[in-house]
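Please read the structure below before turning to the comments.
Every chain is numbered from 1, with letters handed out A, B, ... down the list of sequences.
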Number of protein chains: 2
Amino acid sequence: MANTLIFKDIDFSDQVSADFLVDVSKLMKSQELPNKHILHSEGTICNYFFIIHTGLARAYYFKDGKDITAHFAIENSTITAIDSFIQRKKSRYNIELLEDTTLSYIVYDDLKKLLDDKPHYEKYARIFLENIYIDIAERIEDLLFHSAKERYAKLIQKFPSLLQRVNLGHIASYIGITQETLSRIRSEK
Amino acid sequence: MANTLIFKDIDFSDQVSADFLVDVSKLMKSQELPNKHILHSEGTICNYFFIIHTGLARAYYFKDGKDITAHFAIENSTITAIDSFIQRKKSRYNIELLEDTTLSYIVYDDLKKLLDDKPHYEKYARIFLENIYIDIAERIEDLLFHSAKERYAKLIQKFPSLLQRVNLGHIASYIGITQETLSRIRSEK
DNA sequence: GTACGATTTTGATATTTATCAAAGAGACTC
DNA sequence: GAGTCTCTTTGATAAATATCAAAATCGTAC
């Protein structure tokens, strides 16, 4: 659930940042898509970086036949098959919508061209990745040191609406437990 | 144990990359330091990015009074208090040497100045972070889907020398189990 | 070589979570 | 509103790992 606010750590008071925002906006295209729409399928290279305006998406993959949620993207969050988008390899992720959704997207080649043309914009890619790093490091610590119960509590504290909006099974796999265990946790107190 | 080869994904055949390497080299200073030397203490902002040439360092922090290893850096790896180095906040990590070590380091302000002067170098910061991302994503998957036994096996497969070089307790905390459990895993078969 | 401190192993038990199976509850179709 | 499908809960049991305590081993200083 990284990157809740896309450009949250960018100081847009300077000219370069303002220019960057304008140039990126020009590349972005908007779309409305229905629930269950597949944004990306595993085994293909992901060429899109999505920004969710309203609605909900999730990235998931299959591990020993089980459907595992790797990432949720709610309003004002971003999502892509990050393994593929970064490494330009076939992705192991699928991305699907869990609600009717309005989103924007940027095409990889357009973004790459922009960064090649204006290398000083690389700074924003770096900042974006730094933010991903911070989120993901927190998640590792969560997995190492918090019980299933604590991980669940933290998740709904951070994203209270999630519980009403997605299946238990998706939440359970996201925090690394079975659906049955999550059901029991929930029924306590 | 991210970033084993520092510049592994950089194509140095082009002129910009060659220039970058030269400029970074100019910023780097070398040092020999003894075992147990403290490279960084928690609660302070980390201004150094270390590259270990020979020897061994680890980053650790305290969680409920327990010493938890977050990262090992062996030969040709890098280490810093990444939370602090990225965010310029007080770090929760300590970094110590576990062997006599030769290393180089880059001062944050020097690196920042270089990136400000030559923004097209930001690309390398981005690539570095992408590599961190890939390592760390693998670690999450490890924690979610592999048993303690499997995590241990993977670790020593990747870094066979580690077992001879560091305490069991450090390895155990790195893979998220107790020392006793690791000892039992090791004594099996 | 003995003694001391640090590290690792072993033992007994408790806790957490998974697994497998089945029942219950909701939502939608006709 | 009966039937069907999906999602969630509940129950019984098993497996993995933690905890607490103590013993064994190792390394080093003297």
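Salt bridge absent: A:E141 and A:K154 never bring a charged side-chain N and a carboxylate O closer than 4.0 Å. Electrostatic pairing of B:K113 and B:D117 counts as a salt bridge here, judged by a charged N lying under 4.0 Å from a carboxylate O. For the pair A:D142 and A:R139, the salt-bridge criterion is not met [side-chain N within less than 4.0 Å of a carboxylate O].
DNA chain C is contacted by A:S147, A:A148 of residues 145-152 of chain A, taking any non-hydrogen atom closer than 4.0 Å. Contacts between residues 175-183 of chain B and DNA chain D, defined by a heavy-atom separation under 4.0 Å, are made by B:G176, B:I177, B:T178, B:E180, B:T181.
Counting to the nearest Å, the P atom of C:dA6 and the CG atom of B:L98 are 17 Å from each other. One can place CZ of A:R184 at 12 Å from C1' of C:dT16, the figure rounded to the nearest angstrom. A:I68 has its CD1 atom 11 Å from the P atom of C:dA18, to the nearest Å. In this entry the distance linking CG of B:L144 with P of C:dA18 reads 11 Å, nearest Å. If you measure from atom CG of B:L143 to atom P of C:dT17, you get 14 Å, rounded to the nearest angstrom.
Using a 4.5 Å cut-off on side-chain heavy atoms (C-beta onward), B:I140 and B:L144 make contact.
Judged as a side-chain hydrogen bond (donor to acceptor under 3.5 Å, both in side chains), and not counting sequence neighbours, A:K29 has no contacts. Qualifying side-chain contact (heavy atoms from CB on, under 4.5 Å) partners for A:T80, counting only residues two or more places apart in sequence or in other chains: A:C46, A:F49, A:I82, A:F85. Partners of B:N167 by side-chain contact (heavy atoms from CB on, under 4.5 Å), not counting sequence neighbours, listed by chain and number: B:H170.
Between A:Y61 and B:F145, the angle of the ring planes goes over 60°, which puts this pair in the perpendicular group of the 30/60° scheme.
Side-chain atoms of B:R186 stay outside donor-acceptor range of the base of C:dT7, with no qualifying N/O pair under 3.5 Å.
A:Q15 and A:D19 form a side-chain donor-acceptor contact under 3.5 Å, judged by distance and modelled atom types alone.
Within the cation-pi definition used here (under 6.0 Å to the ring centroid, within 45° of the axis), B:R88 qualifies as a partner of B:Y108. A cation-pi arrangement, defined by a distance under 6.0 Å to the six-membered ring centre and an angle within 45 degrees of its axis, is absent between B:R126 and A:F128.
For DNA chain D, the span of nucleotides reached by chain A at under 4.0 Å from its heavy atoms goes, 5' to 3', from D:dC7 to D:dA12.
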